[in-house]
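First the structure, in the form of structure tokens, and then the observations on it.
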Amino acid sequence: MTLSANTQTLLNRRAVLGAAYRLFYAEPLNLVRGQGVELFDGDGRRYLDAYNNVPVLGHAHPAVIEAFTRQASQINTHTRYLHDTILSYAETLVATFPAPLRQAMFTCSGSEANDLALRIAMTATGGSGVIVTSNAYHGVTALLAGMSPSLGLGVAPAVRTVPPPDSYRTSGDVGAAFGQAVAEAIADLQREGIQPAALLVDTTFASDGIFVGPQGYLDQAVAAIRAAGGLFIADEVQGGFGRSGQLWTFLRQPGLVPDMVTLGKPMGNGHPVGGVVTRPDLLDVFGQRSRYFNTFGGNTVSAAVGLAVLSTIQQQDLPGHAASVGAELAEALNSLKDVSPLVADVRGVGFYYGVELVTDHQQKTPATAEAKAVVDALAQAGVLVGVCGAASNVLKIRPPLAFQSEHIDELMQALRGVLSGMPGQ
């Protein structure tokens with residue numbers, strides 16, 4: 001593959017950033033502009049963005065730009081001063097959650113939000129044990145890295161992992177299997193003298209391969225952690241803000257109310273905003289025992305941006321849009337099973353889908369190399385998707401909420417072309 005002179009120059013300059021950074025795609029992209037679901041590189045080439053969940057409203061959304069510019073031109077300060085905007089934002093935000101989730105604390109990222117939620121859980125329960133799924137990603141702080149096995153570093157001593165509720169590889173009741181695995185992890189912690197503090201779950205199980213199960217599939221697991229004196233933390237950092245067809249993915253489970261919900265990524269449409277929504281009694285205990293301050297979390301500009309994002313989602317019923325157009329997307333993606341024998345399973349909801357590729361349907365052998373080749377070929381064709389799952393064999397499709405029916409046609413044309421052109425097809 002021959003890279004352009006500009007791309008090669010940028011790659012050479014990246015040496016200043018260090019070896020831990022990673023790039024997408026075999027031919028790295030130099031993106032310079034975005035609008036809605038479209039991205040443009042330095043040569044003016046257009047790409048359909050069917051991957052980025054951070055600009056939830058779409059790239060360069062005018063409501064976000066206006067809110068940012070207006071507030072930044074007035075004052076940008078923190079939560080140790082009174083300010084109307086952060087209060088309006090917090091009131092609007094918590095009103096979208098079921099009781100008793102009635103208070104919010106703000107951070108700059110989902111990592112910080114999960115870190116804060118765990119501090120609250122450990123303070124309130126007196127425990128230190130945490131249960132996560134086997135390929136989870138919850139953040140990059142030292143605490144969260146020890147609870148994010150997808151980073152490849154293993155997990156901390158007081159952390160136990162359980163298989164995700166895998167509807168493709170689990171026969172029978174996925175909820176019962178998941179609940180049993182959580183109960184066994186709790187028992188293992190207790191045998192080691194570790195009091196469980198929390199079950200921390202990404203509600204889309206995105207890093208595990210995207211699993212949004214049937215009604216009640218989390219109930220047994222949540223009951224188990226609460227019976228052991230721990231709390232249920234719903235990590236909505238990836239799945240929140242409407243893409244699932246509900247404002248919050250956990251709302252798809254009737255009667256399920258987490259003890260805490262963590263937020264980030266799409267919360268600011270690209271501006272760094274995160275937060276925790278929880279019960280006042282938990283924050284009362286935490287506040288009595290610990291101080292909390294975040295220099296930039298909840299600053300006036302971030303609050304204005306967050307309010308603009310949330311208000312736009314609500315006023316335009318974008319969760320309803322994701323549910324409606326997402327049903328068309330699901331039907332289209334399922335048709336890929338007739339295009340290529342690599343396509344084994346399609347799962348997800350709204351604008352959050354995984355397409356699992358395997359080389360052997362009976363053995364369910366992950367098609368890791370093939371998935372990478374598909375993603376790279378799609379990028380060459382001008383369509384951006386990602387991969388997820390422990391074996392990196394699941395195509396991850398999660399476009400901004402500006403995605404429309406006509407974009408499905410563009411996505412599917414590229415997918416069909418790439419899949420039908422794979423070796424052996």
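Worth knowing before you read on, the calculation uses all heavy atoms, side chains too, and leaves out hydrogens, waters and symmetry mates. In what follows, residues are counted from 1 in the order of the sequence shown. Because the structure is a prediction, the values reported are computed rather than measured.
Around atom OH of Y21, no more than 12 heavy atoms belonging to other residues, nucleotides or ligands sit under 6.0 Å away. Within a 6.0 Å sphere centred on CD of Q74, heavy atoms belonging to other residues, nucleotides or ligands number more than 12. Crowding of E328 atom CD: a count of heavy atoms from other residues, nucleotides or ligands under 6.0 Å exceeding 12. In this structure, E331 places its CD atom where only 12 or fewer heavy-atom neighbours from other residues, nucleotides or ligands lie under 6.0 Å away.
A cation-pi arrangement is not found for R398 relative to Y353, the charged atom failing to lie both closer than 6.0 Å to the ring centre and inside a 45° cone about the ring normal. Cation-pi check for R80 over F293 is met; the charged atom lies under 6.0 angstrom from the ring centroid and within 45 degrees of its normal.
With no hydrogens or angles considered, no side-chain donor-acceptor pair links Q380 and D376 at under 3.5 Å. A donor atom on one side chain and an acceptor atom on the other are not found under 3.5 Å apart for H61 and N269.
Here the options are T262, T107, T141, the test is side chain to side chain donor-acceptor pair (under 3.5 Å), and the partner is D115; only T141 passes.
Scanning all heavy atoms of the two residues, the minimum distance from P164 to F205 falls at CB-CD2, 4.2 Å. Here the shortest heavy-atom pairing between A304 and A67 reads O-CB, 3.6 Å.
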task: For R119 and S290, run side chain to side chain donor-acceptor pair (under 3.5 Å): C-alpha distance rounded to whole Å, both residues' side-chain angles, the deciding distance at 0.1 Å, then the answer.
output: CA-CA 10 Å; R119 287 176 57 194; S290 175; 3.3 Å; yes
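Between atom CG of residue D345 and atom NZ of residue K337 there is a gap of 6.0 Å, rounded to the nearest 0.5 Å.
Two residues are said to be in side-chain contact when any heavy atoms from C-beta on lie closer than 4.5 Å; P319 and Q246 fail this criterion.
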